[in-house]
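To find a chain, count down the sequence lines: A is the first, B the second, and so on, and within it residues start at 1. Computed over heavy atoms, backbone and side chain alike; hydrogens, waters and symmetry mates excluded.
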Protein chains: 2
Amino acid sequence: MAGNSQMPRTAKSRASARPRAGRTQGRNGSTQSGVMDDEIALDALAGHAGYAVRRFQIWIFQDFIRTLGAVDIRPTQYSVLTVIGANPGLSQMAVAKRLGIERARLVHLLDSLEQRELVSRLRSATDRRSHALHLTARGRTALAQFRRLAAEHERHVAVKIGKENRERLLQILSAFT
Amino acid sequence: MAGNSQMPRTAKSRASARPRAGRTQGRNGSTQSGVMDDEIALDALAGHAGYAVRRFQIWIFQDFIRTLGAVDIRPTQYSVLTVIGANPGLSQMAVAKRLGIERARLVHLLDSLEQRELVSRLRSATDRRSHALHLTARGRTALAQFRRLAAEHERHVAVKIGKENRERLLQILSAFT
DNA sequence: GAAGATTGTTGTTGACGACAACAATTGTTG
DNA sequence: CAACAATTGTTGTCGTCAACAACAATCTTC
C-alpha cells in the first residue's frame, strides 16, 4: 500500500512553444514556469553514470513495489527471502554481508517477516549466539508467488529499456551482485 | 561533514577455507559463520536488474560522496547546482520536475545551498509566487571545482566497470535522464 | 470577481544506510 | 584454565531521501 504511480510524468499539454533545440545556455528570459522539461539543459549531468543509474533505480523500485503491491513485498524483503530460501540455515550476519545490508537493519526486516510467518529464527546448535534462518512452509509457497510477480516486474524492465539492453546491463553490473 | 567512508567492507583476512566453487544449494551444515560470501547463492536475485542496479548505485554514490568529500557536496546538491548553472532563472518547480525531486525536498536543499552562498533565490518579476534561481559568483567558481572532482569520480566509475561499459550504460539509460 | 490551480513552505511518515553501545557467547592466548 | 579479544544479535540514534498532506500567497480562468 505504498505503491506510487509511474515516472515523474513531466508536464505535457500546452502544445505551443517549439523548443529551439540549439544552445544549452539557459538565459532565455521567458523560461519561467511553462517550460517543457526537455528544454532544460542537464549540462554535465548528462555525462554522469550516477545520475542515470539513480533515476533508473528509482523507476525500477517503483515498478517493483507497484507490481508486488498486492502482496506487500518490497525489494529488500524480496532479496532477504530469496537468499534465505536458497541457503537455509544461514546466520543473520551471513545474510547481511551477502546482501550488503546493515545487520542492525536486518533485525527489523526479519522481525517483520517473522511476524508474517514467512521466516523463522532457529537457535543454532553450533553457535548459541547466532540464529539459523529458515523459510516457513507458508514462506516457501509465498516466495513462489513473489517470484512470479517479480518476473512480471522484470518483464516491465525489459519493455522499458529493451530485452537486449537489459541483458547487457546485467552483464555489465554482474560484478556488483 | 556527512561523508561516510567507502564500501560495506566485507570481512577479509582469514586466508584459509578455500571456497568449493561447485554447488549453490546451501544446506551444508558447516555453513554457519565462516562463509565466504560467494558461496551463498543469490538464486533468482541474480536475474533481477534492480538488484544489480541498486548495489551499483550505492557504490557509485559512495564514491561520489568520498571524492567530493573535501568540498562537502552530495550527488543531489551537485545535480541542483548544475541545472541552475546551465539554466539560470529557473523556478523551484521547474528544477524539481526536471530532476525528479520533490519540491518540498528542494526547499531544504536550496536553504542549505543559499546559506553557503552558492545559490540565490530572486523574486520573479513575472510571477510573484515563484523564485528565480541563480548561482552566485562564488557558486559559479565553486561549481567549476565540483565539476573537476566529479570528473575524477567518473573516472573511478570507468575504472570499475570499464570505459566502454560505462558508455554503453549511459546509452542504455539515456531515456531516464 | 469567485472558483480553481500553481508555487513555495512546513510538517509527518516510512524505508534505508551508517554508527555506537551493549549482553551473550565464542575464540584465543598467555 | 583464566583473562582478553572478537563475533552475533539487538537496541537506539542520526541523517538522507521519497511520498503526502495541508497551508498562505499568488496567478488563471471563466
Novice: Please state how far atom CG in B:L122 lies from atom P in C:dG8, giving the value in whole angstrom units.
Specialist: 13 Å

Novice: Around A:E152, counting heavy atoms of other residues, nucleotides and ligands shown, do more than 12 lie under 6.0 Å from its CD?
Specialist: yes

Novice: Establish, for the pair B:K160 and B:F56, whether the NZ or CZ atom is under 6.0 angstrom from the six-membered ring centre and no further than 45 degrees off its axis.
Specialist: no

Novice: In whole Å, I'd like the distance from the CG atom of A:D72 to the C1' atom of C:dG14.
Specialist: 12 Å

Novice: Round to the nearest Å and state the distance from B:L110 atom CG to C:dG8 atom P.
Specialist: 9 Å

Novice: Where each residue is assigned the nucleotide of DNA chain C containing its nearest heavy atom, which of A:R103 and A:F61 is assigned the position nearer the 5′ end?
Specialist: A:F61

Novice: Could you work out which one of D:dG9, C:dT10, C:dT7 sits closest to the side chain of A:V107?
Specialist: D:dG9

Novice: Classify B:R128 by what it touches in the nucleic acid, base, sugar-phosphate, or nothing, heavy-atom distance under 4.0 Å.
Specialist: sugar-phosphate

Novice: So with a 6.0 Å cut-off around CD of A:Q115, is the heavy-atom count from everything else above 12?
Specialist: no

Novice: Roughly how many Å is it from CD1 in B:I58 to P in C:dC16, rounded to a whole number?
Specialist: 10 Å

Novice: Looking for any heavy atom pair under 4.0 Å, which part of the strands does B:Q92 touch: base, sugar-phosphate only, or nothing?
Specialist: sugar-phosphate

Novice: Output the rounded distance in Å from NZ (B:K97) to P (D:dA18).
Specialist: 18 Å

Novice: The side chain of B:M93 is closest to which nucleotide in this list: C:dT6, D:dT8, C:dG8?
Specialist: C:dG8

Novice: Counting only side-chain heavy atoms from C-beta out, which of D:dA18, C:dT9, C:dC19 sits nearest to A:E102?
Specialist: C:dC19

Novice: With rounding to the nearest 0.5 Å, note down the distance linking NE2 in A:H134 to CG in A:L90.
Specialist: 9.0 Å

Novice: Return the value, rounded to whole Å, for the distance between atom CD1 of A:I101 and atom P of C:dG17.
Specialist: 7 Å

Novice: C:dG17 phosphate, OP1 or OP2: any side-chain N/O from B:R54 under 4.0 angstrom?
Specialist: yes

Novice: If you look at every strand shown and take non-hydrogen atoms under 4.0 Å, does A:R123 touch a base, only sugar-phosphate, or nothing?
Specialist: nothing

Novice: Which of parallel (below 30°), tilted (30 to 60°) and perpendicular (above 60°) describes B:H48 and A:F64?
Specialist: perpendicular

Novice: When you check the phosphate oxygens OP1 and OP2 of C:dG17, does a side-chain N or O of B:Q62 lie under 4.0 Å from one of them?
Specialist: no

Novice: Ignoring hydrogens and angles, state whether a donor on the side chain of B:Q57 or B:R54 is under 3.5 Å from an acceptor on the partner side chain.
Specialist: yes

Novice: Among C:dC16, D:dC17, C:dT10, which nucleotide has an atom closest to any side-chain atom of A:T76?
Specialist: C:dC16

Novice: Tell me if the side-chain of A:R105 makes a donor-acceptor pair with the base of C:dG17, cut-off 3.5 Å, by modelled atom types.
Specialist: no

Novice: Could you tell me the Watson-Crick or G-U partner of C:dG30, where both distances fall under 3.5 Å? Say none if there is no partner.
Specialist: D:dC1

Novice: With nearest nucleotides of DNA chain C determined for A:L109 and B:A104 from heavy-atom distances, which residue corresponds to the more 5′ nucleotide?
Specialist: B:A104

Novice: Give the rounded distance in Å between these two atoms: CZ of B:R121 and P of C:dT7.
Specialist: 16 Å

Novice: Which nucleotide sits closest to the side chain of B:R129: C:dT25, C:dT7, C:dT9?
Specialist: C:dT7

Novice: Nearest to the side chain of B:D111, heavy atoms from C-beta on, is which of D:dT10, C:dC16, C:dT10?
Specialist: C:dT10

Novice: Nearest whole Å is fine: how far is C:dG17 P from B:F64 CZ?
Specialist: 20 Å

